[in-house]
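Here's the structure we're looking at; comments come further down.
A, B, ... follow the sequence lines: proteins, then strands. Residue 1 opens every chain.
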Amino acid sequence: MVKKTSQQETATAVVVDEDELSADPEEDQTFTDLSNKLAEIRKDKGVIGYILRNTTSATIDLKEPEKIVEYALFSSQVLDSSREISDLFELDDVESIFIEGKENNALCMTIDGNKISIFMEKDADHADILKRISP
Amino acid sequence: MNNEVYALALKSTLQEIQNACPDVTSNFIFNDGKILAQDKNTNEETATQTIAPYNAIAERADILGGLETITIQSAEGKVNITTINDFHLTTVSSNEADEKYVNTLTRILIPIVIKLVEQIQPASTDNETITIDQTEPEEEDTTEEIVDEPNVDATEETVDETADDDADTENYQPYEPEEETTTTEPYEETEPAEINYEPLLPEPPVTQLIVENLSGFRVPSDTVRVDTEVIAQWNELYSDKKINEVEVEALNGKTTRCKFNPIKKSKDTGKGIIKMPEKIQLTLETVAGELVTVKPVVE
């Protein structure tokens, strides 16, 4: 069964490669659960937005939709490079990555194949967000 | 040049951080794509390979206004890379590590060391100016700089000879040791092979002691006896260095260097006295009951 999900609160197109579409129901359920959690977190003061994606679906909700590509590239780069660094020091699977920027912060993680990036202001409580999103 | 000064100071600091937190498995600092300092547990190749993925993230971090810190929490430990004054400090620790303690140490110690090195830099900055002059083929200028130094009148002949022989300019040997050693030091420092990575020693502490007579049949005339507590402090401060002599200065400014031994009698320890043979008292023009200052000569 091929399914394509795209919840776009910013009316920005999300491209999904049709060839890769093959989600199992369990993965689909995790995606839905995470999507609901993120929608709740998004309401928090200080949360700028988030990107949630797996091999079949993606949900993006950002304050600045015109910068969606930059956010997506950053998110992807953080997850890839962090795995690389973790492998170098033989630290096993990456659980979460917290990036402190000069203006904003970001929290990235992978849960059951779902890649999550949450962008927030400096004063947002990232530990609390991590707790709420973690299984 | 600057990086070498930083490396020296930072390497010791990193090692101390690891000593203080055994849960820190590796820590190193990179700057401009090169490893600047690392602790002894860090594999240089691994450290070098960390730079590329870090830079890849940093390049995309404009949406956050630039990258300050990245913390990767993995199943078996965590990696933290923090930017401090253009230096990137990487700390790899186990999950058992007290994050707050490690962060407090690293984020306070490293900036302090960097700041201290920057404050010490003015001397090095002067050196660099001369270094640049030397690398330029204008050897006459280099010679002129030496000539312009004060107290050179007495050495004019030597300087003229040096100026005549351009090829020998770099091998110029200072005539007056005290004044011109400082002038010629920069030339020595420009050679990387001569960089000494020994840790910086603290300034010798100056202790004020009261002179007491030391006489006897088998008392060596060139040796003073110093309070054992004072010697213990020196040994603590310079644990791995040998102290064979002390420099004693009398109130009138006269100084002498001599050997020393601890005061033998236990009743005299902790009283702040220095036992001195008559010969040394005469040299210093001091007498029993007067104050002198003593500092260790660290070899």
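Side-chain contact between A:F89 and B:T25: absent, with no pair of heavy atoms (C-beta onward) separated by less than 4.5 Å. With a 4.5 Å cut-off on side-chain heavy atoms, A:L91 and B:V92 count as touching. A heavy-atom distance below 4.5 Å is found between the side chains of B:I57 and A:F74. Taking 4.5 Å as the limit, every side-chain heavy atom of B:T69 sits out of range of all side-chain heavy atoms of A:I99.
Between chain B and the options A:D92, A:N105, A:V78, the largest number of non-hydrogen pairs under 4.5 Å is found for A:D92. Interface summary for chain A: among B:S94, B:A47, B:A56, the most heavy-atom pairs under 4.5 angstrom belong to B:A56. The residue among B:Q73, B:K78, B:E59 with the most heavy atom pairs within less than 4.5 Å of chain A is B:Q73. For the set A:E103, A:M109, A:K102, the count of heavy-atom pairs under 4.5 angstrom toward chain B peaks at A:K102. Between chain B and the options A:V94, A:D80, A:I48, heavy-atom pairs under 4.5 Å are most frequent for A:V94.
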Between B:T71 and A:I97, is a side chain to side chain contact (heavy atoms under 4.5 Å, CB included) present by the stated rule, with each step listed?
CA-CA 6 Å; B:T71 308; A:I97 308 129; over 6 Å; no

One pair to check against side chain to side chain contact (heavy atoms under 4.5 Å, CB included): A:I85 and B:I81. What are the steps and the verdict?
CA-CA 11 Å; A:I85 293 171; B:I81 308 175; 4.2 Å; yes

Passes side chain to side chain contact (heavy atoms under 4.5 Å, CB included), A:S82 versus B:I70? Steps please.
CA-CA 9 Å; A:S82 298; B:I70 177 163; 4.2 Å; yes

Given the rule in the side chain to side chain contact (heavy atoms under 4.5 Å, CB included) test, do B:I72 and A:F98 qualify, once you have shown the distances and angles that lead to the verdict?
CA-CA 7 Å; B:I72 303 164; A:F98 182 57; over 6 Å; no

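For chain A, the nearby part of B:S26 is the side chain; its heavy atoms alone come within less than 4.5 Å. Contact annotation for A:E84: only side-chain heavy atoms (C-beta onward) come within less than 4.5 Å of a heavy atom of chain B.
A salt bridge links A:K122 with B:E68: the closest approach of a Lys/Arg side-chain nitrogen to an acidic carboxylate oxygen falls below 4.0 angstrom.
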